[in-house]
S.K.: 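First the structure, then my questions, so here it is.
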Amino acid sequence: MTRLNVISLAGLLLASTANAQVYDPGNRGPDAYTWIQPEDTVILTQNGDSEPVYPSPRITGAGGWEGALEKARAFVGELTLEEKMFMVTGQPGPCVGNIYPVPRLNFNGLCLQDGPASLRTQDFVSVFPAGVTIASSWDKDAFYDRSVAMGREFKGKGANIALAPAVGPMGRSPFSGRNWEGFSPDPYLSGVAFALSVSGLQDAGVQATAKHFLLNEQEILRNPVRQNGSILYESVSSNADDRTVHELYLWPYADATHAGVSAIMCSYNRLNGSYGCQNSKLLNGLLKEELGFQGFVMADWYAVHSGVASIEAGLDMDMPGHIAGRRDAAEDDASATFFGPNLITAVNNGTLEEERLDDMVTRIMTPYFALGQDEDFPSVDPAGVRLNTFSPESSWRREWNLTGPVSRDVRENHGELIRRHAAESTVLLKNERNALPLHAPKRIAVFGQDAGPVVEGPLNQAQFDYGTLAVGGGSGAALFTYLIDPLQAIKAKAAEVDALVEAWMDNDIILNRDANAWSAIPLPNDPEVCLVFLKGWATEGQDRENLVADDDGNELVETVAGFCNNTVVVTHTGGITMLPFADNENVTAILVAHYPGQESGNSIVDVLYGDVNPSGHLPYTIAYKDTDYNTNLTTNINTTGIEDWQSWFDERLYTDYRYFDAFEVDVRYEFGFGLTYTTFELSGLSIEKASRNATITSRPADLPVAPGGNPALWEVLYTGEVTIKNTGDVAGAAVAQLYVSFPESAPEGTPVRQLRGFDKVRIEAGEEGKATFELHRRDISYWNTEEQQWVIPKGEFTIHVGFSSRDLRETANITPVRGCT
């Protein structure tokens with residue numbers, strides 16, 4: 001059996017040191033984009049390094065945190081130097097990350113917990129749809145409501161800080177193993193989901209952590225490799241120019257910062273030669289100065305490679321607080337951490353100003369007070385201790401006073417929410433001969449190793465052969481209290497009409513059968529529908545070698561379709577998956593469900609039988625073959641130089657649909673595509689200036705920086721509206737998408753069209769609804785690298801509105817700026 005191969009670090013090192021090719025997914029696409037020449041930028045200097053930015057900006061409390069800042073400063077004023085040191089240095093304890101309590105000040109410490117789809121190390125919690133799943137809903141209410149529910153569970157279990165949401169990786173390459181934790185390779189869609197996820201968590205009283213900052217777009221060599229005590233390879237360096245950084249990868253973090261995010265986690269990789277948690281241009285310059293970030297910068301686990309240098313570059317909290325492999329060291333062992341006791345020494349000998357240490361602690365405590373976590377916040381649920389393999393009790397250096405109920409059930413009615421969100425996030429890609437919704441078939445055949453129950457335990461931490469795949473692996477994984485598999489839900493639904501359901505869940509047996517001996521597998525007499533379930537494993541720590549389903553999934557579909565002329569395919573994968581069987585006339589329907597969470601089976605049955613009209617749309621582009629993508633991972637380094645792992649983002653702004661549209665590459669299913677069980681018409685697009693008498697200038701007003709950057713960038717310049725009519729027979733939801741084409745005066749390399757708005761509207765059959773949009777100044781600006789600011793180019797913009805990036809029904813034109821810019 002051919003499984004989905006993942007690139008492992010050990011195998012990669014063996015191959016690369018032997019000067020062998022490890023992985024090359026194909027060509028980089030047309031050579032047409034090579035006309036983009038390097039330019040002088042601020043983030044990338046002539047020698048390829050990021051320019052230094054010092055000192056680290058101090059917190060001001062801007063954005064509504066002024067009162068909390070006063071409390072934080074008063075708290076810091078009561079701390080000893082040793083207590084300050086422990087406030088910025090993680091310690092082993094009951095949570096994935098821990099900051100020691102200060103009992104004399106009634107501070108119970110900080111509990112940091114994974115992750116973006118569930119509270120990973122606790123029992124009786126819910127498993128929510130993954131980031132890529134909820135992004136497929138294109139539903140702003142769903143983005144927010146999902147995170148509010150998650151936040152309530154985190155708080156109920158005593159977690160002050162959720163290590164979520166994620167937008168790094170953003171999905172530059174479809175091969176990245178963690179794309180499923182984030183939302184979309186489009187910065188606008190990711191930014192909206194990111195900000196609403198932050199707001200949802202924090203409105204529930206839990207601090208949100210935006211991660212992983214920045215250009216964290218692959219797993220291979222994300223950390224340096226050591227051999228015999230010395231570094232064999234430095235981690236991969238993601239090298240991008242200034243405009244690309246601002247218009248793609250920094251964009252969602254501006255949204256999160258504007259939403260008041262509490263923490264931002266710096267990433268493992270290097271950026272333009274400097275480690276993410278020690279890059280002063282990134283942390284001090286872009287984040288704390290340009291975006292006005294008021295919270296604290298937290299290190300990803302073991303991403304710290306220096307002490308004072310990282311602090312001066314903008315790092316505020318070291319997690320987990322010890323060097324890899326040293327978690328059992330004594331608390332006062334300075335060699336076990338870059339922070340810890342070393343900070344006391346640095347302050348006493350003048351290497352580190354105590355005022356900077358005070359700012360670090362103040363930044364950590366301000367969101368704590370802003371969210372009222374000093375007032376009756378729940379204690380850590382002691383049940384998590386036995387589930388926390390990252391920080392086992394044997395490694396603790398102090399006793400933790402764990403009180404309160406054990407194994408608290410914090411799930412409330414979230415199962416209903418998860419079921420609805422997963423169903424509404426399901427993307428219908430093909431529906432021929434009205435195959436769906438099903439009309440109470442009496443004979444159903446089910447195929448695939450993804451269809452049935454998981455047979456290797458509830459913790460989805462390792463790849464397994466048998467059982468449905470509802471979430472990915474790594475720190476974003478989950479401990480299922482329960483998991484409804486598709487076969488279980490199909491049988492329950494079929495029982496309502498006494499239907500016959502038979503299942504074959506061993507792909508090997510199906511594929512290795514005698515072609516003329518189907519009697520070896522007793523089929524129902526002439527099945528009315530054959531349901532084939534495919535899965536694709538994706539996890540932290542590994543990248544995908546290909547974009548096909550596990551367990552010979554493509555061959556399974558072709559085999560079943562060879563004898564069943566009504567074959568419906570459902571995929572549970574972490575992102576882009578090739579669908580060569582889409583051309584098979586016997587494959588009548590295809591549903592992409594991604595990682596739906598604990599209600600997986602119920603949610604897909606709701607869609608199959610029409611209890612929910614699917615309204616999901618792709619948050620990425622599905623090409624015809626994996627070599628059509630132009631953004632490969634850096635995996636084939638055939639030398640042994642310590643600095644040789646370099647990833648050049650020379651595609652610049654041309655990722656996903658921007659690339660395919662710019663070079664007119666045919667795709668199987670475009671960005672934003674999705675079908676429903678009804679039909680919609682779109683008409684009457686109008687775009688109006690938000691303020692009729694206001695003059696729109698090319699440059700924003702020079703205003704004091706607030707969280708999210710210059711407040712002028714968030715001003716609404718235009719509003720839009722379009723009428724959508726449901727022309728079908730059933731109620732449904734339409735996703736109207738707005739794309740902007742910049743005028744010819746925009747710099748070379750500007751994408752043909754860019755998403756700048758969307759609105760999901762639910763409409764009864766035969767009725768009409770209105771989709772509305774807002775265009776902010778940033779939405780119609782480009783990043784001017786010479787001026788170091790956002791600029792609206794002169795000339796006419798074209799506004800397109802439709803149902804996908806290539807299904808554009810209405811256009812309008814606006815000219816914000818005339819004359820010279």
S.K.: Do Met317 and Ile99 have side chains that get closer than 4.5 Å, going by heavy atoms?
M.R.: yes
S.K.: How about Asn413: does its CG atom have over 12 heavy atoms from other parts shown lying under 6.0 Å from it?
M.R.: yes
S.K.: Scan for disulfide bond (SG atoms under 2.5 Å apart) pairs involving residues 90-127, sequence neighbours excluded, and state none if there are none.
M.R.: Cys95-Cys111
S.K.: Any donor-acceptor pair under 3.5 Å linking the side-chain atoms of Ser176 with those of Gln218?
M.R.: no
S.K.: Work out which heavy atom in Ala690 is nearest to a heavy atom in Val716; give both atom names and the distance.
M.R.: CB-O, 3.2 Å
S.K.: Looking only at the side chains, is there a donor atom on one of Gln373 and Asn160 sitting less than 3.5 Å from an acceptor on the other?
M.R.: yes
S.K.: Between Tyr144 and Asp203, is any side-chain donor less than 3.5 angstrom from a side-chain acceptor?
M.R.: yes
S.K.: Can you see whether Trp783 engages Asp242 through a side-chain donor-acceptor pair at a distance of less than 3.5 angstrom?
M.R.: yes
S.K.: What residues, two or more places apart in sequence or in another chain, satisfy side chain to side chain donor-acceptor pair (under 3.5 Å) together with Thr121?
M.R.: Gln113
S.K.: Can you tell me how far CD of Gln91 sits from CZ of Arg398, rounded to the nearest 0.5 angstrom?
M.R.: 7.0 Å
S.K.: Taking all non-hydrogen atoms of both residues, which atom of Ser379 and which atom of Thr403 are closest, and how far apart?
M.R.: OG-O, 2.7 Å
S.K.: Determine whether the side chains of Asp186 and Ser184 contain a donor N or O and an acceptor N or O closer than 3.5 Å.
M.R.: no
S.K.: Please collect all disulfide bond (SG atoms under 2.5 Å apart) contacts where either partner lies in residues 57-94, sequence neighbours excluded, each pair once.
M.R.: none
S.K.: Quick one: which residue pairs count as a ring pair (Phe, Tyr, Trp, His ring centres under 6.0 Å) with a foot in residues 100-126, not counting sequence neighbours?
M.R.: Phe75-Phe107, Phe86-Tyr100, Tyr100-Trp400, Phe107-Tyr368
S.K.: Just do the side chain to side chain contact (heavy atoms under 4.5 Å, CB included) check on Ile264 and Met298 with the steps written out, would you?
M.R.: CA-CA 6 Å; Ile264 287 182; Met298 171 203 311; over 6 Å; no
S.K.: Write out all pairs satisfying side chain to side chain donor-acceptor pair (under 3.5 Å) with one or both partners inside residues 64-81, taking only residues at least two apart or from two chains.
M.R.: Thr80-Glu83
S.K.: Have Gln202 and Ser262 got a donor and an acceptor in their side chains that come within less than 3.5 Å?
M.R.: yes
S.K.: Give, for atom CD1 of Ile364 and atom CG of Leu110, the distance between the pair rounded to the nearest 0.5 Å.
M.R.: 7.5 Å
S.K.: Ion pair present between Arg222 and Glu219, side-chain N to carboxylate O less than 4.0 angstrom?
M.R.: yes
S.K.: Can you tell me how far the CG atom of Leu286 sits from the CZ atom of Phe213, to the nearest 0.5 Å?
M.R.: 6.0 Å
S.K.: Please, which pairs that meet side chain to side chain donor-acceptor pair (under 3.5 Å) have at least one residue in residues 706-715, sequence neighbours excluded?
M.R.: none
S.K.: Where is the tightest heavy-atom contact between Ser56 and Glu312, given as atom of each residue plus distance?
M.R.: CB-O, 3.8 Å
S.K.: Check this for me, if you would: do Arg152 and Glu412 make a salt bridge, where the nitrogen-to-carboxylate-oxygen distance has to be below 4.0 angstrom?
M.R.: yes
S.K.: For Glu399, is the CD atom crowded, meaning more than 12 foreign heavy atoms sit under 6.0 Å from it?
M.R.: no
S.K.: Which residue pairs satisfy the ring pair (Phe, Tyr, Trp, His ring centres under 6.0 Å) criterion with at least one member in residues 263-282, sequence neighbours excluded?
M.R.: Tyr275-His305
S.K.: Does any pair with a residue in residues 313-360 pass ring pair (Phe, Tyr, Trp, His ring centres under 6.0 Å), and if so which ones, sequence neighbours excluded?
M.R.: Tyr302-His322
S.K.: Are Ser147 and Phe128 close enough that some pair of their side-chain heavy atoms sits under 4.5 Å apart?
M.R.: no
S.K.: Quick one: do the Asp123 and Ser407 side chains pair a donor with an acceptor below 3.5 Å?
M.R.: yes
S.K.: Do the side chains of Lys211 and Leu163 get nearer than 4.5 Å, heavy atoms only?
M.R.: yes
S.K.: Would you name the heavy atoms of Ser126 and His414 that are closest together and state the gap between them?
M.R.: OG-CB, 3.7 Å
S.K.: Can you tell me which residue pairs pass the disulfide bond (SG atoms under 2.5 Å apart) test with a partner in residues 287-382, sequence neighbours excluded?
M.R.: none
S.K.: Keeping to residues at least two apart or across chains, list the ring pair (Phe, Tyr, Trp, His ring centres under 6.0 Å) pairs with something in residues 341-363.
M.R.: none
S.K.: Per the side-chain contact (heavy atoms from CB on, under 4.5 Å) rule, which among Asp316, Ile59, Val705, Thr257 passes with Lys288?
M.R.: Asp316
S.K.: Salt bridge check, Glu393 against Arg386: does any charged N sit closer than 4.0 Å to a carboxylate O?
M.R.: no
S.K.: Partners of Lys155 by side chain to side chain contact (heavy atoms under 4.5 Å, CB included), sequence neighbours excluded?
M.R.: Val206, Phe377, Pro378
S.K.: Would you list the pairs meeting disulfide bond (SG atoms under 2.5 Å apart) in which at least one residue belongs to residues 248-315, sequence neighbours left out?
M.R.: Cys266-Cys277
S.K.: Could you tell me if Glu540 and Ser475 have a donor-acceptor pair between their side chains, going purely by distance under 3.5 Å?
M.R.: yes
S.K.: Once the angle between the rings of Phe183 and Phe194 is folded into 0 to 90°, is it parallel (under 30°), tilted (30 to 60°) or perpendicular (over 60°)?
M.R.: perpendicular
